[in-house]
Amino acid sequence: MRTTTVRLAARRPAAIGLFLAACAVGTGGSGAGLSAAQDPQERPHAETEGEKGLPRYEGEYGLFVQVLESQLVVRWITAKTGPGHLSVKVDGEPTSQHETPSGVSHRVAFPLPEAAAVVLEYGGPVGSPDRHTTTIYLETAASIQEPVHTGVDSLYVVGDTHGRFDTVVQLLGNAGLIDADRRWIGGTKHLVFLGDLFDRGDDVTRLLWFLYGLEREAADAGGRVHVMLGNHELMVMSYVTDYVSQKEQLLAFKLGVEHYAQVFDPQTSVLGRWLAGKSALMRIDEVLLAHGGVSEDYFGYSLTEYQDSLTAFIHEEHFPHLGDEEYWAGLPPEKLISQGEWERRYGFFWGPRSVFWYRDYADRSFMGTLLEKMLDKFDAEVHVIGHTPIGRIQERYEGMLIAVDLERSGSEMLLLLRSGDGRRGRYVLGLTGPPVPLESSAGVDIR
């Protein structure tokens, strides 16, 4: 292990990382040409601005919840300096009340309830407008995502969103999946986010908490919200924060934690534990979904085998440190893994042919034969991918591939709608207006 070449970006000291300017776009993610500070999409929108135009951190914009042994630790940020207040409810009944000293950042730790869910009411003093409610689900095993789903008539797919909370809300609202209060009204429909919710945008944390709650609302209605993993989720959970916006970087400083990545730690953070149960490769009926794409290296896996490997690897204590040379050099011999075990894990997450990083289907024009072979292997008819940015959602290889990662992240979504004869119409939904058919779907009757 100690002689292995490490290819990930080295960790920056926390004090420097907190004040990074937005980083230039590299080859590892989507988006083009501008830094986060320069891109007009990255500027705080009206909803994300607080007093005097400052970015908002209150409520779910800055909530951080950890499970530490037998305690639940809750950190939050208030809009103004003052005392904080946290109320805890289980099964609709208040179980404890907590006051914090005057400040902007607040922290409370209390014994972990023996319950499936805990409702947190937090913010400033009771009665103030700065009060917020978030339900925390403690059944981590229930959040492991199934890789195969069948019998889905209406399938919506969103590519890389990169922390653009208000854009996502507008998109889902126009699709009729959420109401004006951002509650799920999509019934039994399925909604997929193809990874890369992290980085670049200003409201990653708020977006994740929104989807965390929406997932449960959809399931209760008989539908599904599937959050899949992309390369930027791996990067942040592995302390590679080169693409994190300045506003999100400062979140760690305001919360009083050493590093932004701790907010999403897969072992202790509620959001990190939730993400650690997600898929990176999924089939919904005849549609195979992945962030980057499925290279030939993974033809030997079944969907269940791939999910089992992903879940096992991402829950290992070594996962965030696979590319950290100092970490491996400091481990005692009994904790080291073999070179072969390390290479398998490193390639699985960080290799250019991994499901998270593969680009050949999107970047090359001669991959049709391999794509057809791959679809046959996974019993699918179409492969939907993100990761590689394009101007508009489009089909390639005679409709066998649909690319949905957009240069203007989150501005369109794909709708695959089953028609009366069993075929699927293919449509694009934007931030406003009705669905527009993709070329191969012209003439398909969806009534």
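Computed from a predicted model, the values in this text were never measured in an experiment.
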If we count only N and O atoms by modelled type, under 3.5 Å, do the side chains of Thr311 and Gln307 hold a donor and an acceptor together? yes
Determine whether the side chains of His387 and Asp160 contain a donor N or O and an acceptor N or O closer than 3.5 Å. no
Polar side chain donor-acceptor pair, Glu60 to Trp76, under 3.5 angstrom: no
Positive for side-chain contact (heavy atoms from CB on, under 4.5 Å) with Lys189, one of Leu177, Leu415, Val225: Leu177
Just how far is it from atom CD of Gln66 to atom CD of Gln71, taken to the nearest 0.5 Å? 10.5 Å
Should the ring pair Phe165 and Phe210 be called parallel, tilted or perpendicular, given that the plane angle runs from 0 to 90° and is split at 30 and 60? perpendicular
Mark yes or no: Lys377 above the aromatic ring of Tyr298, with NZ or CZ under 6.0 Å from the six-membered ring centre and no more than 45 degrees from the axis. no
Pick one: which of Leu429, Leu191, Thr167, Asp179 meets side-chain contact (heavy atoms from CB on, under 4.5 Å) with Leu172? Leu191
State yes or no: are the ring centers of Tyr243 and His232 separated by less than 6.0 Å? yes
For Thr150 and Asp285, test the side chains for any donor-to-acceptor distance below 3.5 angstrom and give the result as yes or no. no
For Leu208 and Phe198 the tightest heavy-atom approach is CD1-CZ, 3.5 Å
Is there a side chain to side chain donor-acceptor pair (under 3.5 Å) between His190 and His149 once you walk through the steps? CA-CA 10 Å; His190 282 230; His149 299 265; 4.8 Å; no
Check Val227, Asp199, Asp196 against Glu233 for a side-chain contact (heavy atoms from CB on, under 4.5 Å) and give me the one that passes. Asp196
Please check this pair: side chain of Ser269 against backbone of Val263, looking for a donor-acceptor N/O pair closer than 3.5 Å. yes
Are side-chain N/O atoms of Glu341 and Ser338 paired as donor and acceptor at under 3.5 Å? yes
Check for me whether the distance between the ring centres of Tyr260 and Phe253 falls short of 6.0 Å. no
So Tyr358 and Tyr361, ring-ring contact (aromatic ring centres under 6.0 Å, His included) or not? Walk me through it. CA-CA 8 Å; Tyr358 193 61; Tyr361 295 132; 5.3 Å; yes
